[in-house]
Amino acid sequence: MEIYKGTAAFPGIAIGKILLYQRSEYQIRRYLTGNVKKELEDFAAARIQVQKQLQALYQRNKKEQEAHAGIFLEQEKLLQSGSFQRAVESAISSEKVNAAYAVMTTKDEISNTFRNLEEPVIRRRIQNIREISDRLIEALGGISPRIDLGEKPVILVAESLAPTEMMEMGKEMLLAVVTHQGSTVSHSTIVAKTMGIPSLTDVEIHEEWDGQDAIMDGYTGTLYLHPDEELQKEYEMRQKSDIQEHEALLKLKDEQDCTKDGKKIGLYANTASMDDLNSVFFYGASGIGLLRSEFQYLGRENYPRESELFLAYKKIAETMGNRPVVIRTADLGADKQADYLDIPDETNPIMGNRGIRLCLDRKYMFKAQLRAIYRASAFGNLEMMYPMITSEEELDSIEELISEVKAGLKEKNIPFRNIRTGIMIETPAAVMISRELAKRVDFLSLGTNDLTQYTLAMDRQNPLLQKKYNDHHPAVLRMVQMVVEAGHQENCKVCICGELAADTALTETFLRMGVDSLSVVPACILPVRKAIRETNLKDFD
Ligand code: PEP
Ligand code: MG
């Protein structure tokens with residue numbers, strides 16, 4: 001048995017096989033073709049191209065590395081073998097898909113079928129298939145990422161994961177996620193948490209782990225490889241007691257979010273898409289306190305149109321009914337990138353053109369979102385807030401755009417509501433001017449993830465800083481207190497929507513500070529509800 005220590009990012013226990021995810025250099029998109037013949041011809045041309053590459057590689061390497069160069073001959077033979085070729089051709093013809101996608105699915109099918117076989121000959125053959133497929137796909141020029149987790153739930157292990165990659169995975173097939181890069185508050189971890197998947201970061205990854213048995217303990221931050229029988233049994237028991245604990249928590253599903261002394265606290269959910277709405281209802285959240293709307297802009301090839309955004313917001317508004325839904329306007333940039341956004345390389349993207357700055361630079365994109373939100377406001381209880389605010393001037397610009405949007409809607413007789421607006425307080429600058437900001441909106445929402453990174457001047461994603469990254473730092477907590485006081489002086493409600501809101505060790509502290517509401521990933525609603533209900537604010541009176 002081998003034991004690896006990392007940083008626990010989301011609690012839970014997973015027992016299963018590891019699937020090692022290695023990102024390809026390219027991205028592949030699936031599309032249906034009306035011209036199967038052309039795709040077959042493209043595939044044939046790609047095969048010839050790759051065959052030439054492999055021969056050249058063999059020639060180039062054979063003198064110095066005869067032993068290793070043989071691999072290229074082996075791959076060439078495989079490329080010419082009828083079975084792989086026929087499998088791809090049959091995928092193209094029967095599913096009428098593009099050649100690059102057919103190559104990828106064939107590769108995945110073969111790898112998954114033989115994933116658990118240990119024989120070195122088979123493992124080598126699979127590796128060869130992966131490599132020639134990669135070359136073929138490159139020759140065919142595919143785009144857009146996709147991860148296939150196979151048929152059985154797995155512990156996904158990866159060097160790093162982009163938020164979009166996390167989102168592409170079906171959570172039914174994910175027992176847990178283990179990464180080397182990333183942190184407890186990186187966006188891919190937040191996506192995993194939103195999906196309720198136990199997560200572990202800061203673990204050095206080894207390729208040989210693929211297909212091996214493992215246990216992931218998301219409480220202690222430990223990964224056990226080849227667990228012995230005794231440990232396996234112990235963890236099976238712990239999984240059972242986890243389930244019992246969860247069942248006990250489920251009894252709180254329909255309970256009020258009130259402290260023992262009767263103070264009502266708003267408890268909301270953080271979501272990234274429509275897929276999360278079921279769990280919002282399931283855990284009995286009072287609404288959505290943070291809808292990370294930027295995820296609708298990721299993993300695609302062009303800006304979403306206003307009509308697409310409108311339909312999505314309308315559906316959320318209708319589904320949530322009277323419950324409030326706070327749409328955070330697109331917080332793109334930094335680690336939330338898409339090629340079409342064409343954001344120039346920045347030396348320090350975290351401090352770069354992101355969030356509201358990017359939106360105010362791209363008014364066409366921003367107005368489309370504002371219009372979509374206002375149009376959808378007629379169908380439910382929508383609210384809106386802005387990320388990464390640092391100045392009142394930014395608010396001036398936003399208000400100007402909102403006036404234009406409203407005027408345009410009125411002119412066309414399109415119904416909308418005057419929705420409540422809020423500001424995310426996630427920069428020290430916003431904290432310092434929170435009283436002025438509070439005068440201009442209905443609520444403030446503390447984004448403690450960014451607020452911590454900007455206050456401590458520590459990149460929230462940097463694994464080297466994990467142990468130094470102290471989100472309980474007195475500077476952060478004092479800022480929360482300052483914002484609550486500033487907000488209340490201006491009759492403005494104050495919420496916390498960063499990950500700290502789910503930290504039950506701080507629930508009582510926040511409630512004593514006067515925080516009005518907390519917004520957390522759906523899976524954390526019940527533990528936080530329990531902590532709220534166990535707090536008695538009169539205790540020290
Ligand atoms: C935050 O910064 O705390 C926040 C809620 O926004 P995000 O994590 O999406 O940056
Ligand atoms: Mg933020």
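Order of listing sets the numbers, starting from 1, for every ligand and every atom in it.
Between G447 and ligand 1, an N or O atom pair is found at a separation short of 3.5 Å.
Here the protein heavy atom with the shortest distance to atom 7 (P) of ligand 1 is H187 NE2, 3.2 Å. For atom 6 (O) of ligand 1, the closest non-hydrogen atom on the protein side is R328 NH1, 3.2 Å.
With sequence neighbours excluded, the residues forming a side-chain contact (heavy atoms from CB on, under 4.5 Å) with M432 are M482, listed by chain and number.
Using a 4.0 Å cut-off to heavy atoms of G498, the atoms of ligand 1 that qualify are 3 (O), 5 (C). Taking every heavy atom of C497 and a limit of under 4.0 angstrom, the matching atoms of ligand 1 come to 5 (C). Residue D450 approaches ligand 1 through these ligand atoms, each under 4.0 Å from one of its heavy atoms: 1 (C), 2 (O), 3 (O), 10 (O). With ligand atoms numbered from 1 in the order given, ligand 1 contributes 5 (C) to contacts under 4.0 Å with heavy atoms of L290. Counting atoms of ligand 1 from 1 in the listed order, those under 4.0 Å from a heavy atom of K336 are 9 (O). Below 4.0 Å from some heavy atom of I190 lie the following atoms of ligand 1, by number and element: 8 (O). The R292 neighbourhood of ligand 1 comprises atoms 4 (C), 5 (C), 6 (O), 7 (P), 8 (O), 9 (O), with distances under 4.0 Å to a heavy atom of that residue.
Side-chain contact of N449 with H187: a donor-acceptor pair under 3.5 Å is absent, judged by distance alone. With no hydrogens or angles considered, no side-chain donor-acceptor pair links T452 and D471 at under 3.5 Å. Under the 3.5 Å distance criterion, with hydrogens and angles disregarded, a donor-acceptor pair is assigned to the side chains of D217 and Y235. Side-chain contact check for E485 and Q489: no donor-acceptor pair (N or O, by modelled atom type) lies under 3.5 Å. A donor-acceptor contact closer than 3.5 angstrom is absent between the side chains of S403 and E399. For the residue pair Q181/E159, the side-chain donor-acceptor check at 3.5 Å is satisfied. A side-chain donor from one of R362 and Y303 sits under 3.5 Å from a side-chain acceptor of the other. Side-chain atoms of Y313 and Q369 include a donor-acceptor pair closer than 3.5 Å. Side chains of D242 and Q239: a donor-acceptor N/O pair is absent below 3.5 angstrom, by distance only.
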Test side-chain contact (heavy atoms from CB on, under 4.5 Å) applied to M424 and I389, step by step = CA-CA 7 Å; M424 286 199 72; I389 292 288; over 6 Å; no

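Legend: protein N/O/S atoms lying under 2.8 Å from the Mg ion (ligand 2), waters omitted, number 2.
Taking all heavy atoms of R460, E426, Q453, E499 into account, the minimum distance to atom 8 (O) of ligand 1 is reached by R460.
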